[in-house]
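Structure record follows, encoded as structure tokens.
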Amino acid sequence: MANKVKEAWKAGKAVVNGWLAIPNAFSAEMYSRCGWDSVTVDMQHGVQDYISCVSCFQGMQPSGVTPMVRVPWNEPGIIGKVLDAGAYGVICPMVNTAEEARALVQYSKYPPAGTRSNGPIRAGAYGSSGGYQKTANDEILVIPMIETKQAIENIEKILDVPGIDGIYIGPSDLSFSYGLEPKLDVEDPFILGIYDKLLAETAKRGIAAGLHNGSAEYANKMIKKGFKLVTIANEVGLMCQAATAAVKTARG
């Protein structure tokens, strides 16, 4: 069950990630065929639940795209369940300390590296029979979100936690925590300076840095800046942008 995102990072390549808010297998199936390297089901701010997450994974599977999840919070129940459903990566919000990062790793790994319970009801179908548990700890991506002033102040300790594969920056919450306007595609020099710090600290440790973006143009700029995972809005935003543009064009 080789993780294509992990392989891309090892090769020094950036990954372009899709984002799913719609709880529907058909839309996930169509969206996953658009050339994304990975597609993430958003269980935090979208309208996804666990059953719809599984359905989205089923829709994605024929495309061969790497399925990931943003869980709603850092707790073992939901993390274990999305991994059992077949997630190859867990993006976890609001990880602010090394202790919280260690907990995330524990919840995501089988013993002896962690405390994840055995029962990969769907994930076990990947690879040879009985082989999932042998490779899961090496292939599953553990990605804490860095999106607060507290996390920035603790960033070196967080990055030094064994088992962290990457970080994912939430620009809106990061700006919000510093008293700035919460937004994507930030141009504020202060926040861009934080991005530079995070890129430098992750590069020292061979850890990938990811970022949520509002536009493809900004995402491309961030790849050139050094980010190894970029998300472009979500399928709802892109659909509405395309529909709005089509209506305007039709009306002249």
Side-chain angles (χ1 to χ4, degrees), residues 14-23 31 36 38-48 68-74 89-98 100-101 104 143-159 164 166-203 207-245 247-248:
V15 168
V16 182
N17 178 58
W19 202 259
L20 296 181
I22 299 172
Y31 200 65
W36 309 102
S38 58
V39 174
T40 297
V41 177
D42 183 10
M43 294 180 70
Q44 185 190 17
H45 289 307
V47 293
Q48 302 274 8
M68 302 202 296
V69 179
R70 176 166 72 170
V71 292
W73 206 248
N74 190 9
V90 173
I91 298 173
C92 182
M94 293 292 177
V95 175
N96 296 317
T97 66
E100 292 172 356
L104 174 60
I143 306 172
M145 290 193 72
I146 303 300
E147 49 187 344
T148 67
K149 181 180 179 181
Q150 184 184 11
I152 299 303
E153 291 170 349
N154 291 321
I155 191 61
E156 293 185 36
K157 293 179 180 178
I158 292 171
L159 294 176
I164 297 297
I167 61 170
Y168 191 82
I169 300 169
S172 294
D173 278 312
L174 182 61
S175 296
F176 220 177
S177 74
Y178 281 96
L180 303 171
E181 179 187 359
K183 61 185 291 186
L184 302 176
D185 296 2
V186 176
E187 297 293 353
D188 185 282
F190 176 74
I191 298 298
L192 291 177
I194 292 176
Y195 289 1
D196 289 335
K197 176 183 178 179
L198 293 173
L199 287 167
E201 293 297 334
T202 51
I207 293 173
L211 180 70
H212 206 99
N213 305 270
S215 68
E217 293 77 13
Y218 193 87
N220 179 260
K221 185 165 70 171
M222 293 299 103
I223 288 175
K224 292 174 180 175
K225 192 175 178 67
F227 284 95
K228 295 303 181 186
L229 185 148
V230 293
T231 301
I232 305 166
N234 61 24
E235 87 281 49
V236 175
L238 294 178
M239 176 179 66
C240 291
Q241 288 173 23
T244 300
V247 170
K248 287 182 179 179

How long is the gap from CG on Asn220 to NZ on Lys224, to the nearest 0.5 Å? 4.5 Å
Inter-residue atom distance Leu104.CG - Ile91.CD1, 0.5 Å rounding: 11.0 Å
Close side-chain approach of Val15 to Lys228, heavy-atom, < 4.5 Å: no
Leu211 side, atom CG; Phe227 side, atom CZ - distance, nearest 0.5 Å: 4.5 Å
Just wondering, do Ile164 and Pro144 contact through their side chains at under 4.5 Å, heavy atoms? yes
Check Thr202, Ile143, Leu198 against Ile207 for a side chain to side chain contact (heavy atoms under 4.5 Å, CB included) and give me the one that passes. Thr202
Qualifying residues under side-chain hydrogen bond (donor to acceptor under 3.5 Å, both in side chains), relative to Tyr31, sequence neighbours excluded: none
Under a 4.5 Å cut-off applied to non-hydrogen side-chain atoms, are Val90 and Val69 in contact? no
Any Ile152 side-chain heavy atom under 4.5 Å of Leu174 side chain: yes
Taking side chain to side chain contact (heavy atoms under 4.5 Å, CB included) as the criterion, tell me which of Thr231, Val236, Ile232 meets it with Asn234. Val236
Say you draw a straight line from CD of Glu147 to OH of Tyr168; how long is it, rounded to the nearest 0.5 Å? 10.0 Å
Using atom types as modelled and distance alone, determine if a side-chain donor or acceptor of Asn154 lies under 3.5 Å from a backbone N or O of Lys157. no
Just verifying a value: how many Å separate Met222 CE and Asp185 CG, rounded to the nearest 0.5 Å? 8.0 Å
Ignoring hydrogens and angles, tell me if any N or O in the side chain of Asn96 forms a donor-acceptor pair with the backbone of Thr148 under 3.5 Å. no
Quick check on side chain to side chain contact (heavy atoms under 4.5 Å, CB included): which of Glu235, Met68, His212 does Trp19 satisfy it with? His212
Roughly how far, to the nearest 0.5 Å, is the NZ atom of Lys221 from the CG atom of Asn213? 10.0 Å
With the side chain counted from C-beta on, respond yes when Glu100 and Met94 share a heavy-atom pair under 4.5 Å apart, and no when they do not. no
Please enumerate all residues that pass side-chain hydrogen bond (donor to acceptor under 3.5 Å, both in side chains) together with Thr40, with sequence neighbours excluded. Asn17
For Ser172, does its backbone N or O pair with a side-chain atom of Ser175 as donor and acceptor, under 3.5 Å? no
For Phe176, does its backbone N or O pair with a side-chain atom of Glu181 as donor and acceptor, under 3.5 Å? no
Would you say OH of Tyr218 has more than 12 non-hydrogen atoms from neighbouring residues, nucleotides or ligands within 6.0 angstrom? yes
Would you say that more than 12 heavy atoms from the other residues, nucleotides or ligands in this model lie under 6.0 Å from the NZ of Lys225, or not? yes
